[in-house]
Amino acid sequence: MSASEGTYVVGVDSSTQSTKALVVDVATGRVVASGQAKHTVTGGDRRESDPRGWWDALCSALEQCGDVVREAKAISVGGQQHGLVTLDAAGEPVRPAMLWNDVRSAPQTRRLIEELGGPEAWAERTGSVPSTSFTVTKWAWLAEHEPEAAARVAAVRLPHDYLTERLTGEGTTDRGDASGTGWWASATEEYDAKTLEHIGLDAALLPRVVRPGEAAGTVRSGLPLAEGVLVAPGTGDNAAAALGLGVRPGTPVMSLGTSGVVYAVTGRRPADPTGTVSGFAAANDGWLPLACTLNCTLAVDRMAELLGLDRQAVEPGSGVTMLPYLDGERTPALPHASGLIHGLRHDTTPGQLLQAAYDGAVHSLLAALDLVLDEDADRSTPLLLIGGGARGTAWRDTVRRLSGRPVQIPQAQELVALGAAAQAAGLLTGEDPAAVARRWNTADGPVLDAVERDDAALERIGSVLSAATPLLEGA
Ligand SMILES: Nc1ncnc2c1ncn2[C@@H]1O[C@H](COP(=O)(O)OP(=O)(O)O)[C@@H](O)[C@H]1O
Ligand SMILES: O=C(CO)[C@@H](O)[C@H](O)COP(=O)(O)O
């Protein structure tokens with residue numbers, strides 16, 4: 001069923017730092033209105049946000065879109081993955097949500113991997129070996145450290161689930177985001193009863209998993225959208241971006257945001273026992289093998305601030321190495337790590353130090369790039385570079401120099417929100433959302449030619465990481 005121009009949908013990206021909302025024309029993919037509102041994330045030894053702040057940011061972003069938002073016929077929400085949202089019987093948050101980049105559950109992570117069969121069993125059951133990002137480890141932390149709060153929990157949601165439920169009044173999720181919990185078995189596509197029993201979480205507290213192509217519900221009255229508007233299942237932000245790019249198997253994607261991410265889509269269910277690649281489900285069908293780092297744009301921006309430099313003021317050509325693990329690190333799995341500099345000399349310049357921060361952040365991602373691609377993937381296919389960092393020349397040049405691959409920069413921005421919009425459009429037209437995105441030509445953009453890969457820098461960074469790992473494990 002096609003849609004005439006002037007039929008609109010809303011796509012939302014509720015990510016770590018902010019909410020972005022787009023009003024998109026179903027027929028053409030043209031963004032006719034947009035809005036953005038920042039989130040508050042706690043600092044120090046924790047990374048938490050109040051889910052009600054996400055809702056307020058969503059309402060603000062929708063209001064910024066103007067009256068056209070009330071003409072929308074469907075909406076979908078993409079959200080930061082993994083966050084533990086705990087609601088009481090009245091639907092109010094019991095406590096702030098523990099986010100994907102909160103590493104306090106490191107002890108629970110190690111314990112759960114050991115107690116439930118080891119890395120191989122976890123990878124075969126869920127597609128992933130859990131890291132501190134996974135919701136299952138956060139629930140275990142809550143049960144151990146805040147049992148009174150855990151006892152008050154009447155519903156457990158992911159960030160995108162919480163916002164979708166505020167729209168519809170129903171507790172739903174999707175396979176894509178569910179696959180990042182650690183209690184959804186990708187082998188059976190069901191919640192895993194043994195895991196839930198082991199962590200003391202009643203399956204009744206979990207949302208219904210809505211199948212791709214189905215509606216999660218309709219918009220309730222009294223909201224910034226018209227009552228009765230269709231609400232799509234939504235999904236995690238990376239699965240939404242994959243929809244937004246209409247990416248096909250064999251095309252690697254690197255996202256440079258609060259998290260650094262590399263992924264591809266495949267028809268083969270991933271199960272990496274090393275834990276480097278998380279075997280997530282795609283939001284339509286198939287799978288989304290993905291590697292994620294905790295230290296990406298925020299870490300590099302912090303180094304630029306410390307050095308008193310603009311984020312683009314890099315100078316190449318030095319032997320200094322930086323592992324910018326300011327938040328601990330997930331890939332490689334060093335949750336207690338901190339930042340490390342090696343090879344600093346009198347003649348090292350601030351610009352060279354800043355370039356070293358970019359190199360260290362990109363090195364972690366490129367180490368996983370080949371692992372997320374099928375073995376028969378064409379290694380000359382341009383790497384799609386997205387996220388806020390993709391707007392920066394220093395990021396673009398660093399990715400080209402350390403990957404040795406051509407890099408394509410989609411002109412479309414906010415691909416998570418575009419992917420959510422494509423999912424909403426698919427509810428109206430019956431199309432696969434990835435096909436909608438391809439019809440919108442969302443991946444179109446300039447291709448930056450490959451340059452000779454800087455193998456010397458890659459080897460230097462790898463050597464420093466190997467030598468420093470014992471130090472970083474206990475840092
Ligand atoms: N022009 C730019 N050059 C380099 N980095 C940028 C630019 N614009 C935004 N960024 C980076 O993008 C980040 C936000 O990216 P985004 O993908 O929106 O984050 P998230 O989705 O994780 O909230 C900021 O932390 C900032 O460092
Ligand atoms: O944890 C992951 C993926 O496993 C992160 O990608 C989060 O989903 C946060 O995303 P951004 O806020 O960086 O977009």
Side-chain angles (χ1 to χ4, degrees), residues 12-20 36-39 41 47 49 54 57 78-84 97-103 127-135 137-138 158-160 176-177 179-182 235-242 244 253-263 275-281 288-305 309-314 324 327 329-331 354 357-358 361 365 368 372 385-399 409-410 413-420:
V12 176
D13 172 13
S14 178
S15 60
T16 308
Q17 296 183 56
S18 67
T19 290
K20 284 87 69 162
Q36 179 167 2
K38 285 198 172 295
H39 298 162
V41 181
R47 293 289 180 271
S49 285
W54 301 332
Q80 58 181 305
Q81 294 180 243
H82 310 298
L84 175 65
M98 289 180 78
L99 305 187
W100 65 279
N101 52 352
D102 187 309
V103 296
S128 307
V129 179
S131 68
T132 57
S133 288
F134 280 62
T135 329
T137 73
K138 299 179 192 298
L158 295 165
H160 110 262
D177 221 0
S179 65
T181 59
T235 191
D237 53 359
N238 295 299
V253 180
M254 182 179 289
S255 175
L256 302 172
T258 310
S259 66
V261 169
V262 286
Y263 60 77
T276 301
V277 173
S278 297
F280 298 143
L288 192 76
L290 178 147
C292 175
T293 63
L294 294 183
N295 297 278
C296 190
T297 60
L298 292 183
V300 169
D301 284 355
R302 179 65 182 134
M303 288 314 301
E305 183 185 6
L309 294 176
D310 178 88
R311 58 166 65 120
Q312 308 300 352
V314 292
D327 267 340
E329 191 40 82
R330 168 174 160 184
T331 307
L354 180 57
Y358 279 95
L365 291 168
V372 301
L385 193 62
I386 65 172
R391 301 184 192 121
T393 51
W395 280 112
R396 295 177 180 186
D397 293 345
T398 303
V399 172
I409 316 291
Q413 299 194 0
E414 304 310 346
L415 283 147
V416 174
L418 263 182

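Ligands are counted one by one from 1 in listed order, and the atoms in each one are counted from 1 as well.
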Decide whether the shortest distance between a heavy atom of Gln17 and an atom of ligand 2 is less than 4.0 Å. no
Quick note on ligand 2: atoms under 4.0 Å from a heavy atom of Phe280 include exactly 4 (O)
Below 4.0 Å, non-hydrogen atoms only: which portion of Cys292 touches ligand 2? Side chain, backbone, both or neither. side chain
Please determine whether any non-hydrogen atom of Gly236 lies less than 4.0 Å from an atom of ligand 2. no
Could you pull out, from Gly388, Ser14, Ser18, the option with a heavy atom nearest to atom 12 (O) of ligand 1? Gly388
Distance to 0.1 Å, residue and atom name: give those for the protein heavy atom nearest to atom 22 (O) of ligand 1. Thr258 OG1, 2.7 Å
Just one of Asp237, Asp177, Asp13 clears the side-chain hydrogen bond (donor to acceptor under 3.5 Å, both in side chains) bar with His160, so which one? Asp177
My understanding is that only one of Ser15, Ser18, Ser14 makes a side chain to side chain contact (heavy atoms under 4.5 Å, CB included) with Trp54; could you say which? Ser14
Can an N or O of Ser259 be found at a distance shorter than 3.5 Å from an N or O of ligand 2? yes
For ligand 2, the portion of Arg330 having any non-hydrogen atom under 4.0 Å away: side chain
pair Leu298-Gln17: side-chain heavy atoms closer than 4.5 Å: yes
Do Pro410 and Leu415 come close enough that some side-chain heavy atom pair is under 4.5 Å? yes
Could you tell me which atoms of ligand 2, counted from 1 in the order shown, lie closer than 4.0 angstrom to a heavy atom of His82? 1 (O), 2 (C), 3 (C), 4 (O)
Polar atom proximity, Gln81 to ligand 2 (N or O, under 3.5 Å): yes
Close side-chain approach of Lys20 to Gln413, heavy-atom, < 4.5 Å: no
Quick one: pull up CG in Asn101 and SG in Cys292 and give me the separation to the nearest 0.5 Å. 8.5 Å
What part of Asn238, side chain from CB on, backbone N/CA/C/O, both or neither, has a heavy atom under 4.0 Å from ligand 2? side chain
Please compare Gln312, Arg311, Arg391 and report which has the shortest non-hydrogen distance to atom 5 (N) of ligand 1. Arg311
Name the orientation class of the two ring planes belonging to His82 and Phe280 (parallel below 30°, tilted from 30 to 60°, perpendicular beyond 60°). tilted
In ligand 2, which numbered atoms sit nearer than 4.0 Å to a non-hydrogen atom of Ser15? 12 (O), 14 (O)
Check: Thr132 main-chain N/O paired with Thr137 side-chain donor or acceptor under 3.5 Å: yes
Is the contact between Asp301 and ligand 1 made by the side chain, the backbone, both, or neither, using heavy atoms and a 4.0 Å cut-off? side chain
Looking only at protein heavy atoms, which one is nearest to atom 23 (O) of ligand 1, and what is the separation? Ser15 OG, 2.8 Å
So which bit of Val261 gets within less than 4.0 Å of ligand 2, heavy atoms only: side chain, backbone, both or neither? side chain
Could you tell me if the side chain of Trp100 sits less than 4.5 Å from the side chain of Leu294, heavy atoms only? yes
Do Arg47 and Thr16 touch side chain to side chain, with heavy atoms closer than 4.5 Å? no
Do the non-hydrogen side-chain atoms of Thr293 and Glu329 ever get within less than 4.5 Å of each other? yes
When distances are taken from atom 18 (O) of ligand 1, the protein heavy atom at minimum range is Lys20 NZ, 3.1 Å
Passing candidate, side-chain hydrogen bond (donor to acceptor under 3.5 Å, both in side chains) with Arg311, options Thr393, Asp301, Thr297: Asp301
Quick check: do Leu99 and Ser49 have side-chain heavy atoms less than 4.5 Å from each other? yes
Going by the atom numbers of ligand 2, which of them fall below 4.0 Å from some non-hydrogen atom of Thr258? 13 (O)
Among all protein non-hydrogen atoms, which one is nearest to atom 24 (C) of ligand 1, and what is the separation to 0.1 Å? Thr297 OG1, 3.8 Å
Starting from atom 14 (C) of ligand 1, which protein heavy atom do you reach first, and at what distance in Å? Gln17 NE2, 3.9 Å
Heavy-atom check, side chain of Val300 versus side chain of Leu354, under 4.5 Å: yes
Heavy atoms only, cut-off 4.0 Å: how does Gln80 contact ligand 1, side chain, backbone, both, or neither? neither
Identify, by atom number and element, the atoms of ligand 2 in contact range of Asp237, meaning under 4.0 Å from any of its heavy atoms. 7 (C), 8 (O), 9 (C), 10 (O), 11 (P), 12 (O), 14 (O)
Below 4.0 angstrom from a heavy atom of Gly389, which ligand 1 atoms are there? Numbered from 1 as shown, please. 5 (N), 11 (C), 12 (O)
Ser255 pairs by side chain to side chain contact (heavy atoms under 4.5 Å, CB included) with which of Ile386, Leu385, Val416, Leu365? Ile386
For Leu298, counting its heavy atoms only, list the atoms of ligand 1 lying under 4.0 Å from any of them. 25 (O)
Within the 4.0 Å heavy-atom cut-off, what Thr16 brings close to ligand 2 is both
As an exercise, identify every atom of ligand 1 less than 4.0 angstrom from a heavy atom of Gly387. 17 (O)
